[in-house]
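These notes concern the structure reproduced below.
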There are 4 protein chains.
Amino acid sequence: MTDGRPPRADARRNRARILEAAHAVFSSRGVSAPTEDIARTAGVGIGTVFRHFPTKEALIEAVILIRLERLREQGELLAGADDPGAAFFEFLSSVVDSSRTKLTLVDALGPADAVAALSDTPEGQDLRRLVDRILRRAQRAGAVRADVGVNEVIGLMVGCSRAAQYAGHDQRAVQRMLSVVYDGLRAHR
Amino acid sequence: MTDGRPPRADARRNRARILEAAHAVFSSRGVSAPTEDIARTAGVGIGTVFRHFPTKEALIEAVILIRLERLREQGELLAGADDPGAAFFEFLSSVVDSSRTKLTLVDALGPADAVAALSDTPEGQDLRRLVDRILRRAQRAGAVRADVGVNEVIGLMVGCSRAAQYAGHDQRAVQRMLSVVYDGLRAHR
Amino acid sequence: MTDGRPPRADARRNRARILEAAHAVFSSRGVSAPTEDIARTAGVGIGTVFRHFPTKEALIEAVILIRLERLREQGELLAGADDPGAAFFEFLSSVVDSSRTKLTLVDALGPADAVAALSDTPEGQDLRRLVDRILRRAQRAGAVRADVGVNEVIGLMVGCSRAAQYAGHDQRAVQRMLSVVYDGLRAHR
Amino acid sequence: MTDGRPPRADARRNRARILEAAHAVFSSRGVSAPTEDIARTAGVGIGTVFRHFPTKEALIEAVILIRLERLREQGELLAGADDPGAAFFEFLSSVVDSSRTKLTLVDALGPADAVAALSDTPEGQDLRRLVDRILRRAQRAGAVRADVGVNEVIGLMVGCSRAAQYAGHDQRAVQRMLSVVYDGLRAHR
DNA sequence: GATGAATGAGACTTCATTCAT
DNA sequence: AATGAATGAAGTCTCATTCAT
């Protein structure tokens with residue numbers, strides 16, 4: 001009845017297409033884009049979208065979770081890198097880099113919800129733990145000042161993403177802004 | 001139509017009330033709040049809102065411009081302060097502080113529009129010039145590193161506002177995040 | 001602000017038109033008829049319907065309340081009639097007669113809700129009290145058996161309405177069915 | 001296609017399960033319950049439901065016909081009972097009793113369709129003939145007044161079912177209402 | 001100038017029915 | 001025969017904007 005059978009091949013394919021389309025549409029036009037457009041982009045009927053994601057919110061969430069997962073994968077690679085300091089800053093950069101879109105990690109949900117998204121969902125907690133690990137390692141290696149915690153780092157990630165978004169195409173400006181924050185994060189004295 | 005006569009007293013009063021109401025409503029509930037609610041808060045009919053601001057977008061813009069103006073006033077005060085470095089950082093702090101709302105300076109409009117708002121409007125350009133002045137003074141005084149320009153500073157303001165928004169009520173976290181950025185901004189070595 | 005001013009003339013006119021249209025449409029095609037059809041019938045936009053009645057349910061309720069009110073008016077006339085027994089049966093007949101439609105007094109809402117509608121709303125309670133009065137008067141006059149109460153009478157009204165609905169156009173059959181129930185209601189021996 | 005072969009065993013089993021599930025779901029939640037829920041309750045795919053019953057309406061009809069058939073069976077038993085009057089009233093009671101559900105014999109379809117269902121289908125006509133038989137026997141025995149016919153009796157059954165539905169859980173009220181109608185049906189004077 | 005009722009496009013969501021697997 | 005994913009028409013409701021009062 002409530003079988004654990006794997007979903008049919010076509011269903012899986014459509015689900016992936018919808019997520020891809022949602023990602024594209026949300027990224028370029030914001031989460032307020034009509035669901036119908038996502039369906040069209042995915043090449044499916046709107047009913048199919050709602051079969052896979054019962055509400056629009058669920059769809060947004062799913063797209064965000066994928067983003068979180070991607071970040072986690074990247075972080076996982078860096079968590080064991082030789083140079084803990086370099087790994088930390090590289091991770092920050094990759095987060096910021098992945099936010100050049102209208103669907104920022106957390107902008108999608110209201111600010112309050114954003115915190116929730118990172119605390120309430122297993123994926124969010126995973127990512128949080130990972131950031132914690134990367135951060136502490138860098139701190140132990142003396143590459144990052146000791147008086148910041150995960151919360152501040154995540155906050156700065158969010159802020160830098162926003163700043164980068166603001167700077168738009170001007171990559172040089174982004175680099176300069178990041179270098180300011182990075183300098184601030186480095187152990188001093 | 002475009003007679004140069006000054007607006008009637010009640011019209012001016014209504015305009016002010018609408019702007020105040022819009023600020024309150026947008027700040028607490030975001031720009032997607034229905035215009036009708038703003039009219040109700042202002043104690044006027046919805047028709048009056050649209051008479052003063054032909055589209056909702058125009059209303060949002062007007063509210064933002066007021067914010068910019070307030071910032072400019074604060075900046076103006078600091079532009080001549082005794083300690084140029086302190087003035088610079090105080091200005092940053094006041095910008096961040098004024099962003100604890102759902103109507104961030106630039107979140108309101110899409111990122112692209114945001115840049116436009118700061119470049120295209122006279123008010124935006126005024127503010128920009130002011131930031132430039134405060135920044136250069138602090139740099140000449142040796143309080144801020146020389147390799148950042150207005151663009152980066154404004155970008156960091158936006159980013160810090162977002163970060164503060166993210167941190168929500170946790171003022172201590174906000175302080176720690178700001179101290180990181182401020183350290184990064186200070187002249188080093 | 002929250003003024004008690006009477007609604008504008010055109011609004012009142014539209015409200016009346018919508019109620020009329022809703023009555024007509026619901027009666028002939030059932031409450032599941034789309035709201036759009038009611039709007040079209042009333043000659044207004046669909047937005048106007050929802051401005052006056054925030055949900056479809058509210059519209060249905062309003063239509064039913066009018067029906068209740070009409071019944072109450074008829075009942076009021078009979079409550080003081082010379083022959084209490086005749087008045088009682090006449091009232092029953094008028095209730096049944098008014099139910100030759102797809103919007104029966106209570107069919108509209110689920111059975112449970114129906115009871116609620118007659119108990120929860122002031123209008124329903126008014127009508128209930130009125131039925132009580134007419135019934136008791138007839139009982140005191142010896143025209144109706146003493147062992148039935150308001151609840152049973154209202155239940156029988158509902159049932160007879162349904163039976164009449166079932167019989168459709170065959171008025172003779174309706175008469176015969178009613179005469180059975182009326183005989184049963186008369187005081188015996 | 002229309003080969004006379006008997007249906008496969010599993011097909012027959014599924015058909016039965018679907019009808020059972022449809023009965024359960026329609027009874028408790030009304031005919032507007034989604035077909036998908038019936039499929040789930042029956043433990044089959046929705047495609048299977050539509051294979052057996054080409055439209056939802058056909059499914060509703062089938063469920064109703066089963067109800068008619070059950071009634072016919074009960075009636076058949078009573079048709080030969082010793083006391084024709086008691087049999088008649090017992091039959092009425094069992095009809096009313098079987099209607100404590102959201103799928104009343106006839107409520108399911110619009111009133112017009114209901115009559116049709118009882119006249120057009122062989123099952124409906126069978127039941128009608130049966131009611132006729134039970135009624136006439138009771139009339140011959142002097143237990144029921146002579147001036148009512150099948151149509152009125154069926155109409156009263158429908159009405160009493162509705163009245164009982166209205167009374168809901170209050171069985172005492174139901175009894176009192178029925179006693180009124182039964183008294184009215186008895187031969188008088 | 002002010003009011004707020006009217007408008008209608010468009011958003012989200014449901015569900016009977018079809019059809020590839 | 002059975003399955004359940006896909007479909008899209010249709011329904012309810014929102015809200016920026018217009019316009020008669």
Side-chain angles (χ1 to χ4, degrees), chain A residues 3 5 7-15 18 32-37 39 42-57 59, chain B residues 7-15 32-40 43-57 59, chain C residues 3 5 7-15 18 32-37 39 42-57 59, chain D residues 7-15 32-40 43-57 59:
Chain A
D3 57 349
R5 243 180 304 173
R8 252 163 50 177
D10 56 347
R12 225 176 33 233
R13 202 167 40 242
N14 272 339
R15 195 189 146 90
I18 291 167
S32 64
T35 311
E36 185 110 27
D37 286 6
V44 304
I46 192 169
T48 306
V49 175
F50 278 91
R51 160 170 272 264
H52 284 281
F53 306 94
T55 63
K56 189 184 184 181
E57 213 187 333
L59 176 57
Chain B
R8 258 164 47 176
D10 57 345
R12 228 175 32 234
R13 203 166 40 243
N14 274 342
R15 197 188 145 89
S32 65
T35 313
E36 186 110 26
D37 287 6
I38 290 166
R40 194 170 23 256
V44 303
I46 191 169
T48 306
V49 175
F50 276 88
R51 162 168 278 268
H52 284 282
F53 306 94
T55 65
K56 189 183 185 181
E57 214 188 330
L59 175 57
Chain C
D3 57 347
R5 244 180 304 173
R8 252 162 52 176
D10 56 347
R12 223 173 37 231
R13 199 164 45 240
N14 272 339
R15 195 189 146 90
I18 291 167
S32 64
T35 310
E36 185 111 28
D37 287 6
V44 302
I46 192 169
T48 304
V49 176
F50 278 93
R51 159 171 272 265
H52 285 281
F53 306 94
T55 63
K56 189 182 184 181
E57 212 187 332
L59 176 56
Chain D
R8 258 164 47 174
D10 57 345
R12 227 175 32 234
R13 202 166 42 241
N14 273 343
R15 196 189 146 89
S32 65
T35 313
E36 186 109 27
D37 286 6
I38 291 166
R40 195 172 19 259
V44 303
I46 191 170
T48 306
V49 175
F50 276 88
R51 162 168 279 269
H52 284 281
F53 305 94
T55 65
K56 188 182 185 181
E57 215 187 330
L59 176 56

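Only a predicted model underlies this, so the values are computations on that prediction, with no experimental measurement involved. Computed over heavy atoms, backbone and side chain alike; hydrogens, waters and symmetry mates excluded.
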Rounding to a whole Å, what distance do you find between [X]:[atom1] and [N]:[atom2]?
X	N	atom1	atom2	result
D:E57	E:dT17	CD	C1'	14 Å
A:E36	F:dA10	CD	P	14 Å
C:I18	E:dT7	CD1	C1'	12 Å
B:D37	F:dA16	CG	P	9 Å
A:D10	F:dA6	CG	P	5 Å
C:F53	F:dT12	CZ	C1'	16 Å
A:R13	F:dA6	CZ	P	9 Å
D:R12	F:dA2	CZ	P	12 Å

Legend entry - Ionic contact status for D:R40 with D:D37, cut-off 4.0 Å: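 Yes, charged N to carboxylate O under 4.0 Å.
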
Inset, instruction - Take A:F50 and D:A33, find for each the nucleotide of DNA chain E with the closest heavy atom, and name the residue whose nucleotide sits nearer the 5' end. - result: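 Going by which nucleotide is closer to the 5' end, it is A:F50.
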
Inset, instruction - Between C:G43 and B:G45, name the one whose nearest nucleotide on DNA chain E is closer to the 5' end. - result: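 Nearest-nucleotide comparison on DNA chain E picks B:G45.
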
Inset, instruction - List the atom of D:K56, the atom of D:F50, and the distance in Å for their closest heavy-atom pair. - result: N-CE2, 4.2 Å

Legend entry - A:A39 versus A:V49, closest heavy-atom pair with distance: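 Smallest heavy-atom distance, with atoms named: CB-CG2, 3.7 Å.
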
Legend entry - Most 5' of D:G47 and C:P54 on DNA chain F, judged by nearest nucleotide: D:G47

Legend entry - 5'-most by nearest nucleotide on DNA chain F - A:V49 or D:V49: D:V49

Below 4.0 Å: OP1/OP2 of [N] and any side-chain N or O of [X]:
X	N	value
B:N14	E:dA2	yes
B:T35	F:dC15	no
B:H52	E:dA2	yes

Which one, [options], comes nearest to the side chain of [X]?
X	options	result
B:A11	E:dT18, F:dA2, E:dA2	E:dA2
B:K56	F:dA16, E:dT14, E:dA5	F:dA16
B:P34	E:dT13, E:dA16, F:dA16	F:dA16
D:I46	E:dT18, E:dG1, F:dT18	E:dT18
B:T55	E:dC12, F:dT3, F:dT17	F:dT17
C:V44	E:dT7, E:dT18, E:dG1	E:dT7
A:R51	F:dG4, E:dG8, E:dA5	F:dG4

Legend entry - Range-with-range stems for DNA chain F, at least three Watson-Crick or G-U pairs under 3.5 Å: E:2-21 with F:2-21

Inset, instruction - Classify the nucleic acid contact of A:T48 as base, sugar-phosphate or nothing, counting any heavy atom under 4.0 Å across all strands shown. - result: base

Legend entry - Pairwise distance CZ(B:F53) to CD1(B:I38) - rounded to 0.5 angstrom: 10.0 Å

Legend entry - Rounded distance [0.5 Å steps], CD in B:E57 versus CG in B:L59: 11.0 Å

